[in-house]
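Residue numbers begin at 1 in each chain, while the letters A, B, ... track the order of the sequences.
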Number of protein chains: 2
Amino acid sequence: MRSLKYAILGLLCRHPMTGYEIAKEFNYELAEFWYANHSQIYPELKKLNEEGLVSYDIEISGEILEAKRYTITEEGYKEFDKWLNKDEKMQKTPKDIFRLRMYFSGNLDMEARIHLLENQRQQHVKRLNTLKKRFEQYSEVPPRNSDRFGDFVVLRGAIMRQQNIIAWIDECIGFSKEDY
Amino acid sequence: MRSLKYAILGLLCRHPMTGYEIAKEFNYELAEFWYANHSQIYPELKKLNEEGLVSYDIEISGEILEAKRYTITEEGYKEFDKWLNKDEKMQKTPKDIFRLRMYFSGNLDMEARIHLLENQRQQHVKRLNTLKKRFEQYSEVPPRNSDRFGDFVVLRGAIMRQQNIIAWIDECIGFSKEDY
DNA sequence: TTGAGCATGTAAGTCGTTACATGATTTC
DNA sequence: GAAATCATGTAACGACTTACATGCTCAA
């Protein structure tokens, strides 16, 4: 499916970037729904360049240190736009190790089960608070044709997702504590 | 991490199964949070057998057709139990192509964006209805030390997750339609 | 001068998908 | 007799992770 290809092209639509900057982006804002390590990004950029979808200029910092600043080409933009407009089948529900564990939780006693749930809950609450903090920067919905609109809706989605997981965990804790 | 290993061991804790049956399970109930194809399962079972975590007996249907029915060993159960009790770090948020698309939706005009959202919404509603139907079999919460308890909580989690995604999509549609 | 961050790359290995490959049994 | 389902396996490829490998720049 070459998803990484489109993730990179999409970022380059905004403005030219180096591989290093793309990697940072993939480990901060985008990390809510996409990520990649530099070891995947550099080869992909090389490939995109060979395919004529991006080009680059070399920038020098100090005396020697080189950085390749990549720009999307006309052809690259066309391909990205085609992808962006394409209807897609809903993706398979993602694998979730914690849910797998809960699926098998009949093998656990009450204390162990609740311990696992509380531990997971705590981590998700922490995550949620980070997201909420980041959300504070938006005093209103950004213009819908701006880049910030995209940032805004996925951040909102990430918050809702976290809240939902916490609600589920709370239900699970409740079910585990009740006596039947 | 060998997650597939533990998914298989967990299933075999319930009762002995053939590779074919495991594959079916991974494409029906478990599909809400785990899945694997037979091409991954057969080699894994072979490996687990070599490691002494499972054993098998050969069953014959008709005249010739052989099936290997796998049973978890004492050692296999011990390893599974150790894994099940282990606290785990919250997993990275899963990759989500539709969210990636929405992140870049500033490049789309209103009609195109809403079209994508409506299309996705429809698929998620359909999925939700299937899940709700499956949920009807539970008139009450199953005993918490039974296998059905695990089935129940993950199904409940899948329903909540679907509802949440739909709520997010609806918000996105709302934001896209408003005028600023 | 030392450490954090900038910057790029490759290699080995694991995980997962799709396709290839074969054949038996049951049900209509 | 045909089709669906049972049953098992391998091969090739692509996606992703972890580790290896190197060297520069800037600020404290």
Side-chain angles (χ1 to χ4, degrees), chain A residues 1-9 11 16-28 30-31 33-51 54 56-70 88-89 91-97 100, chain B residues 1-9 11 16-28 30-31 33-51 54 56-70 88-89 91-97 100:
Chain A
M1 285 203 317
R2 303 279 315 270
S3 308
L4 180 58
K5 166 179 166 180
Y6 297 106
I8 290 175
L9 290 178
L11 282 181
M17 292 172 91
T18 67
Y20 189 84
E21 286 166 352
I22 291 171
K24 263 203 306 184
E25 202 74 0
F26 275 142
N27 289 295
Y28 177 58
L30 271 76
F33 55 90
W34 204 265
Y35 45 83
N37 297 322
H38 74 272
S39 55
Q40 229 189 323
I41 293 166
Y42 289 123
E44 186 67 33
L45 281 167
K46 198 176 165 186
K47 200 172 172 188
L48 291 173
N49 182 55
E50 281 160 15
E51 293 171 335
V54 302
Y56 66 86
D57 293 300
I58 290 175
E59 263 178 26
I60 309 260
S61 312
E63 294 288 296
I64 297 169
L65 189 63
E66 293 191 352
K68 294 178 182 167
R69 187 162 298 275
Y70 287 89
E88 69 188 323
K89 231 185 100 190
Q91 83 182 8
K92 240 184 280 189
T93 55
K95 291 192 178 186
D96 187 324
I97 297 178
L100 182 66
Chain B
M1 285 203 316
R2 303 279 314 270
S3 309
L4 179 59
K5 166 180 166 178
Y6 297 105
I8 290 175
L9 289 178
L11 282 181
M17 293 173 89
T18 66
Y20 189 84
E21 285 166 353
I22 292 171
K24 262 203 307 184
E25 201 74 0
F26 276 141
N27 290 295
Y28 177 58
L30 271 77
F33 55 91
W34 205 265
Y35 44 82
N37 297 322
H38 74 272
S39 56
Q40 229 189 323
I41 293 166
Y42 290 123
E44 186 67 33
L45 282 168
K46 198 177 165 187
K47 200 172 172 188
L48 291 173
N49 183 53
E50 282 159 15
E51 293 170 334
V54 302
Y56 64 87
D57 293 300
I58 289 175
E59 265 179 24
I60 308 260
S61 311
E63 294 287 298
I64 296 168
L65 188 63
E66 293 190 353
K68 293 178 182 167
R69 187 163 298 274
Y70 286 90
E88 68 188 325
K89 231 185 101 190
Q91 81 182 8
K92 241 184 281 189
T93 55
K95 291 192 178 186
D96 187 323
I97 297 178
L100 182 67

Measure [atom1]/[X] against [atom2]/[N] and give the value in whole Å, please.
X: B/Ile64; N: D/dC6; atom1: CD1; atom2: P; answer: 19 Å
X: A/Glu63; N: D/dT25; atom1: CD; atom2: P; answer: 7 Å
X: B/Leu65; N: C/dG23; atom1: CG; atom2: P; answer: 13 Å
X: B/Phe26; N: C/dC15; atom1: CZ; atom2: P; answer: 14 Å
X: B/Arg69; N: D/dT8; atom1: CZ; atom2: P; answer: 9 Å
X: B/Gln40; N: D/dG9; atom1: CD; atom2: P; answer: 15 Å
X: B/Ile41; N: D/dC6; atom1: CD1; atom2: P; answer: 14 Å
X: B/Met17; N: D/dT8; atom1: CE; atom2: C1'; answer: 16 Å

Considering non-hydrogen atoms only, spot the tightest contact between [X] and [Y] and give its length.
X: B/Ile97; Y: A/Ser3; answer: CD1-OG, 3.7 Å
X: B/Ile8; Y: B/Phe26; answer: CG1-CE1, 4.2 Å
X: A/Ala36; Y: A/Ile41; answer: O-CD1, 3.8 Å

[X] vs [N]: side-chain N/O to OP1/OP2 distance below 4.0 Å:
X: A/Lys46; N: C/dT8; result: no
X: A/Lys95; N: C/dG16; result: yes
X: A/Lys68; N: C/dG9; result: yes
X: A/Tyr42; N: C/dG9; result: no

### Query
Looking for any heavy atom pair under 4.0 Å, which part of the strands does A/Lys92 touch: base, sugar-phosphate only, or nothing?
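Counting heavy atoms under 4.0 Å across all strands, the contact made by A/Lys92 is with sugar-phosphate only.
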
### Message
Categorize B/Ser39 for me: base, sugar-phosphate, or nothing, with a 4.0 angstrom heavy-atom threshold over every strand shown.
### Response
base

### Query
Starting at the 5' end of DNA chain C and moving along, which residue's nearest nucleotide shows up first, A/Ser61 or A/Pro43?
A/Ser61

### Given DNA chain C, 5'-ward residue of the pair B/Glu44 and B/Asn37, judged by closest heavy atom
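In this pair, the answer is B/Glu44.
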
### Message
Please compare A/Lys47 and B/Gly19 by the position of their nearest nucleotide in DNA chain D and report the one closer to 5'.
### Response
B/Gly19

#### Entry: Candidates C/dT8, C/dA19, D/dA7 - which lies nearest the side chain of B/His38
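Closest nucleotide among those given: C/dA19.
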
### Query
So do B/Lys68 and B/Asp57 actually touch side chain to side chain, heavy atoms under 4.5 Å?
no

### Query
Would a 4.5 Å heavy-atom cut-off, applied to side chains only, mark B/Tyr56 and B/Arg69 as touching?
no

